[in-house]
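Basis for what follows: all heavy atoms, side chains included, without hydrogens, waters or symmetry-related copies.
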Amino acid sequence: MSWSAPAPGHRRLSRFTTGRRTLRAGAIATAVAAMLCTYIVVVVTRADAAETLLSQGKPTTASSTENAGTPATSATDGNGGTRWSSAYSDPQWIQVDLGSTQTLTRVALNWEAAYATAYQIQTSANGSTWTNVYSTTTATGGNQSLPVSGTGRYVRVYTTARATQYGVSLWEFQVYGGDVTPGTCGTANAALGKTYSASSTENAGTPASSAFDGNTGTRWSSAASDPQWVQVDLGSTQAVCGVTLNWEAAYATAYTIQVSTNGTTWTNIHTATGSTGGVQTLTVTGTGRYVRMNGTARATQWGYSLWEFQVRTQGVPPTTSDTPSQPSNSPSQPPGNTVLLSYKKPAVASTSQNDSNCNPCTPDKAFDNDPASRWATSPTNGWVDPGWIYVDLGATAQIKQVVLQWDPAYAVAYQIQTSNDAANWTQIYATTTGKGFKETLNVTGTGRYVRMYGTARSNGYGYSLWEFKVYGTGGAPVQPPANPADPIFPATNLVWADEFNTGTNVDTSKWTIDPGTGQNGEIQYYTNLDNTSIQAGSLVIEARKQTVGGRDYTSGRINTSNKFSTQYGRVEARIKVPKGNGLWPAFWMMGTDFLTGRPWPYNGEIDIMEILGKNTNEIYSTLHAPAYNGGGGYGQKISTVDLSLDYHVYSTEWDSKHMTFRVDNQVILVADKDTVETTRGPWVYDHQFYLILNLAVGGDFPGPIDATTPFPSRMYVDYVRVYK
């Protein structure tokens, strides 16, 4: 839950102002400045388990830009609040260089109001000769997910007709591809956790979802009649090469496996008669987005029943672990046997800021290995050129790499210099095209002192660095504190849990009750245990129309502050959310340094799940940090089944390199540390976080309640678990 502005205190912290409430950790009552902002959402529905987002942060160019505030790079930065817009003429184009030839599966376009009615998606091996892989003359804007088939290093949107008198404008331009080996049938289950439907269900205990949940102890069963069917939506058109049916005793003696590109017109790819049930592994050949088992003859007087319905596709979708591999040449890895030389070393700068707006932003903050603190030049005499900062490594060192994590006040032109006396400087790197964000510079130099010497600023402000890291050999290095080891996913060591199956209310040895008002325009008062209870093995958080604490509505909010926190692991909860305008259930985490006075968003916020009661078919997952927060947080939403109808598992798998957010097994967001740092700002999640559950009423993100909003409304939590 996002708070809108860097201010001391708790707020909902999320890219899409997703649900964080004011966090009072027991006796800790921290003043919170509500951060009020509009959620701008990147709608990216993950098409296929085998897909990889190829375009984010890659070099992007365009035929034109409307102004300096809408560059081409804004369409591939992963930020749904920034956009590219063109000049007011036809044709226009925007293209991304993927870095190498890739197999393409899908292009996602999130148009601003100034969209194109006619355009092509084109690919190229050289950036000069183009091949159409998609074309339309009747586009209607909005969010478009376009299955494509082709290969290329360059991918272009080439527009030929505008919908308005303005140019064309994209919030996001995303290119997806997969590691596909032609002729190879993958072994992973591409249907796991995907959207499903069925002709009927026997009862509420045997829903269609149970055939696609990976659990052989749950099942789908139909009404007792012929024919019946169950189907899965893979999210995009794929080459289907295998199906496994794990029948319960009520199996089909006759059925067909069918595929469809639209969910309406079906093609048979396997026909069975005289089938005997059990586990049937079928080799099939077909192409479709939808895969269906259509039963035409039952073996018993009962309906049809499947423990599991699995689909395999050509290529290799990932398993339950989405941990990105760390290539040997990753920019986050220092070269060779070098070490960090600059940690906690004395620093000097041309000027620095130390006032209410940046307190303190002194030179040492660039070398403290804390990505949420920074150095900035003084607003009174430091917003000039040149501006500089240097570090004393303590002894002569051989410099191999310099890493700069810039604030938006970055240097367009600067030099990296070394010195033995802090008076006479030798240049070892220079640029006049600095891009800001994270710049990893492989250099060769020798000296005790290393300086960033800025000669041209990116804007009207000064220079500012979150981090200035120097790697090499020699010097007098101080070893920074080590992070805990990364978990190996899927993580199986349960380190903390609450199953909510004992007692009548919250276990206060595990949870801190957090009463009071909320932020972001919320209208409820969080009570002290009056709106929480344990019922039938679930925690119930109940929102009521009831006047308490000067508010006309009440609800509940709990967190694990001062009771439990974690750094890395799989954090999950099984939750059933309420439906209704203005309701806002959330499951999220806050950095524990918030409890000791570090203001939001410098402590970091991890929103695992936020759902708006007005549309319970959508879920948001978001990260908040000082450089991206509130309406500009780093996150995504996806559209899925109606999440208010049943319990669903919301989780994140988190280590030092990434976070993967899911609902059930459907990936919502993969946040890669290197990508975040090179496109949005510092990664502030390598420390302890505590857990929060709450149900808000009203607010800037979910909107107001109305006469249709049901009261009481309940959020049910079956369990919360943390694995390492």
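- Atom OG of residue S63 and atom CH2 of residue W93 lie 6.0 Å apart, to the nearest 0.5 angstrom.
- Note on ring orientation: taking the six-membered ring where Trp is involved, the planes of Y685 and W683 are perpendicular (angle over 60°, cut-offs 30° and 60°).
- In this pair, Y602 and W466 present their aromatic rings tilted. The plane angle is within the 30 to 60° band.
- Note that the CG atom of N629 and the CZ atom of R680 stand 9.5 Å from one another [nearest 0.5 Å].
- Counting heavy atoms of neighbouring residues, nucleotides and ligands inside a 6.0 Å radius, atom OH of Y461 does not exceed 12 of them.
- In this structure, the separation between OG1 on T351 and CD1 on I389 is 10.0 Å, given to the nearest 0.5 Å.
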(message) For a ring-ring contact (aromatic ring centres under 6.0 Å, His included) check, start with the C-alpha distance between F367 and F468, then their side-chain angles and the critical distance, and finish with the verdict.
(response) CA-CA 6 Å; F367 304 99; F468 180 175; 5.1 Å; yes
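- Taking OG of S373 as the start and CD of E467 as the end, the distance is 6.5 Å to the nearest 0.5 Å.
- Using a 4.0 Å cut-off between charged side-chain N and carboxylate O, D385 and R457 make a salt bridge.
- Among K58, R153, R156, the one residue that satisfies the salt bridge (charged side-chain N to carboxylate O under 4.0 Å, His left out) test with D97 is R153.
- Looking at Y410, Y414, Y429 one by one, the single match for side-chain hydrogen bond (donor to acceptor under 3.5 Å, both in side chains) with E439 turns out to be Y414.
- Using modelled atom types and a 3.5 Å distance limit, the side chains of T76 and T60 yield a donor-acceptor pair.
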